[in-house]
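Scroll down for the structure; my scribbles are underneath it.
Letters A, B, ... are given to chains in the order of the sequence lines, protein chains preceding strands, and every chain is numbered from 1. Hydrogens, waters and symmetry mates are skipped; everything else that's a heavy atom, side chains included, is used.
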2 protein chains.
Amino acid sequence: MQNLLFDFISKYVSLTEDEKNSITSLDIFRTIKKGTTLLKEGQKSNEGYFVLKGCIRTYYIIDGEEKTTAFYTEMEGLTPHCVINKAPSGYYISCVEDTILIVTNPDMEADSFNKFPKFESLCRVLSEELLAKQQINFDEFKTSSPEQRYLNLLQKRPDLIQRVPQHQLASYLGIKPQSLSRLRARIHEKSKR
Amino acid sequence: MQNLLFDFISKYVSLTEDEKNSITSLDIFRTIKKGTTLLKEGQKSNEGYFVLKGCIRTYYIIDGEEKTTAFYTEMEGLTPHCVINKAPSGYYISCVEDTILIVTNPDMEADSFNKFPKFESLCRVLSEELLAKQQINFDEFKTSSPEQRYLNLLQKRPDLIQRVPQHQLASYLGIKPQSLSRLRARIHEKSKR
DNA sequence: ATAACTCGTTCACTTAAGTTAAGAAATGAG
DNA sequence: CTCATTTCTTAACTTAAGTGAACGAGTTAT
């Protein structure tokens, strides 16, 4: 199971056996059942998550409605805002599927950054990369219509459309479930003609 | 001038005189005239930017139309996507006002990370913080209407509405300039009643 | 087996954004 | 200062998303 992780890391830096053992000994792998809530609005937490297998989502509840804003699947991770700024969380995190996670916390990170400065380098590179990718994502969202965003998603993360309920996808696309239904019907209609 | 920078950095780590001198000696401060283009679509570049004073923006040209997707003002920085993934840029960067910038490049960064590991720590913390903030921003964008987004901007970055042309603000809000005009008129109408 | 719920779709209607065009106001160049 | 250009606003019309309601299919609980 940790091989998934080491394969991923090896794209960025090479690890010694010592370093690998150090990671394994941390005992940070968790298996979580579909539907489990990892974090609730208003809670404080110190946990960061990295998905090895499965899918988790972040969502808000606004006027009684769930608004899903992000999905994290294989080899994607998040450190919730509430961990960074030590304030109550503004959103929920829960498992879309049965999921295998790495769960981290800042103290643990600090320790391993101390022991292996290479880890901190890795984390810097990863988060800078993620930041740039995230910005492009946001740019695409801003510069396109809901229909274009849906077609774009179909290209870039076709798996999501299969593994995630429509109404969660809708808010992820910034629209209502009814609009997503209609938009899909519209696209289907076009492709027939 | 560098005091602006050192004040900012001191919120995160304390620097020795040695470290400060090392930064100053890099000669990375640049003064740029309003309207200057720093990066064009299709170009490759190694430059990262950090704004000490003034304002820069990123924009795309899609179907002949400028789409502004981000503004960076005092104490904000960006490393363009093209620097991270060594590919031609998808967007332009230019100065909205006369601007004082710090211009960096990866080699320089690597050198100073070597000399002062503290810098790499600082950069990791900053980019993780930025990533979380950026995510919240995106979440707010997705979960609100253009009108709400405008009102939100009015709260959070009122300066932008003053210092930036309307049509650039419009695409930043994900709408057309005409829609922004209308939306503003609508809000003004409401507040009168 | 049935009732209660959730989920996706459809419909009619409302509201707001996109589009096209025109003109006023502000800015910049010669 | 004047002309040209850019920027902002307004208006009429089109298109698509929001809203509220209803329905059937699938799921869960009793």
Side-chain angles (χ1 to χ4, degrees), chain A residues 33-37 57 59-68 94-98 141-154 160-190 192-193, chain B residues 33-37 55 57 59-68 71 92 94-98 141-154 160-193:
Chain A
K33 275 257 165 292
K34 173 176 173 173
T36 306
T37 299
R57 61 187 256 261
Y59 62 99
Y60 296 74
I61 296 186
I62 298 174
D63 298 331
E65 293 212 334
E66 270 189 23
K67 307 269 189 177
T68 299
S94 78
C95 293
V96 176
E97 307 169 344
D98 290 355
F141 193 95
K142 275 184 184 169
T143 56
S144 56
S145 66
E147 182 169 328
Q148 289 171 315
R149 296 198 290 255
Y150 176 76
L151 292 169
N152 194 247
L153 192 68
L154 213 51
L160 268 194
I161 291 164
Q162 300 308 317
R163 63 207 285 196
V164 157
Q166 297 287 322
H167 65 281
Q168 292 176 10
L169 272 183
S171 42
Y172 182 68
L173 293 169
I175 58 177
K176 300 282 146 128
Q178 298 93 315
S179 297
L180 179 54
S181 261
R182 176 169 42 197
L183 175 162
R184 283 159 56 100
R186 198 163 63 221
I187 289 170
H188 207 249
E189 204 47 44
K190 277 182 196 164
K192 254 193 292 181
R193 275 185 289 108
Chain B
K33 275 258 165 290
K34 172 176 176 174
T36 307
T37 299
C55 178
R57 61 188 255 260
Y59 62 99
Y60 296 75
I61 296 186
I62 299 174
D63 299 331
E65 293 213 334
E66 270 189 21
K67 307 267 189 179
T68 299
F71 297 100
Y92 297 76
S94 79
C95 292
V96 176
E97 306 169 345
D98 290 355
F141 193 95
K142 275 183 183 170
T143 57
S144 55
S145 67
E147 181 169 328
Q148 289 172 316
R149 296 199 290 254
Y150 176 76
L151 292 169
N152 194 245
L153 192 67
L154 213 52
L160 267 194
I161 289 164
Q162 302 307 318
R163 66 208 282 196
V164 157
Q166 299 288 321
H167 65 282
Q168 292 176 11
L169 271 183
S171 42
Y172 183 68
L173 293 169
I175 58 177
K176 301 282 147 131
Q178 298 94 317
S179 297
L180 179 54
S181 262
R182 175 169 43 195
L183 175 162
R184 283 161 57 102
R186 199 165 61 221
I187 290 170
H188 208 249
E189 204 46 44
K190 276 183 198 165
S191 70
K192 253 193 292 181
R193 276 184 289 107

Note to self: Going by salt bridge (charged side-chain N to carboxylate O under 4.0 Å, His left out), name the residues that satisfy it together with Arg163(A), two or more places apart in sequence or in a different chain.
What the structure shows: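 Arg163(A) satisfies salt bridge (charged side-chain N to carboxylate O under 4.0 Å, His left out) with Glu74(A), Glu97(A), Asp159(A) only.
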Item checked: salt bridge (charged side-chain N to carboxylate O under 4.0 Å, His left out) partners for Arg149(B), two or more places apart ->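 None.
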Notebook entry, point to check: Can you give one letter per nucleotide of nucleotides 9-19 of chain C, going 5' to 3': B for a protein heavy atom under 4.0 Å from the base, S for sugar-phosphate only, - for none?
Noted result: BB-----SBBB
Next item on the list: Give the B/S/- string for nucleotides 22-30 of chain D, one per nucleotide from 5' to 3', where a protein heavy atom under 4.0 Å of the base yields B, of only the sugar-phosphate yields S, and otherwise -.
Entry: ---------
I need the [atom1]-[atom2] distance between [X] and [N], as an integer number of Å.
X	N	atom1	atom2	answer
His188(A)	dG8(C)	NE2	P	17 Å
Leu169(A)	dC7(C)	CG	C1'	13 Å
Gln168(B)	dT7(D)	CD	C1'	11 Å

Notebook entry, point to check: For Tyr92(B), which residues count as a ring pair (Phe, Tyr, Trp, His ring centres under 6.0 Å) partner, sequence neighbours excluded?
Noted result: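 Scan of Tyr92(B) (ring pair (Phe, Tyr, Trp, His ring centres under 6.0 Å), adjacent residues dropped) gives Tyr59(B).
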Output all residues satisfying side-chain hydrogen bond (donor to acceptor under 3.5 Å, both in side chains) with [X], sequence neighbours left out; order by chain, then residue number.
X	value
Thr37(A)	none
Glu66(B)	Arg57(B)
Glu65(A)	none

Which pairs of donor and acceptor atoms, one on a side chain in residues 174-184 of chain B, lie under 3.5 Å apart (sequence neighbours left out)?
{"residue": "Ser179(B)", "atom": "OG", "partner": "Arg182(B)", "partner atom": "NH2", "Å": "3.3"}
{"residue": "Arg184(B)", "atom": "NH1", "partner": "Tyr150(B)", "partner atom": "OH", "Å": "3.0"}
{"residue": "Arg184(B)", "atom": "NH1", "partner": "Gln166(B)", "partner atom": "OE1", "Å": "3.4"}

Check: For the helix from dA1(C)-dT30(D) to dG30(C)-dC1(D), what angle lies between the axis at the first five pairs and the axis at the last five pairs, to 10 degrees?
Finding: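 Its terminal axes enclose an angle near 50°.
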Next item on the list: With sequence neighbours excluded, tell me which residues meet side-chain contact (heavy atoms from CB on, under 4.5 Å) with Ile62(A).
Entry: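 For Ile62(A) the side-chain contact (heavy atoms from CB on, under 4.5 Å) partners, ignoring immediate neighbours, are Tyr60(A), Lys67(A), Thr143(B).
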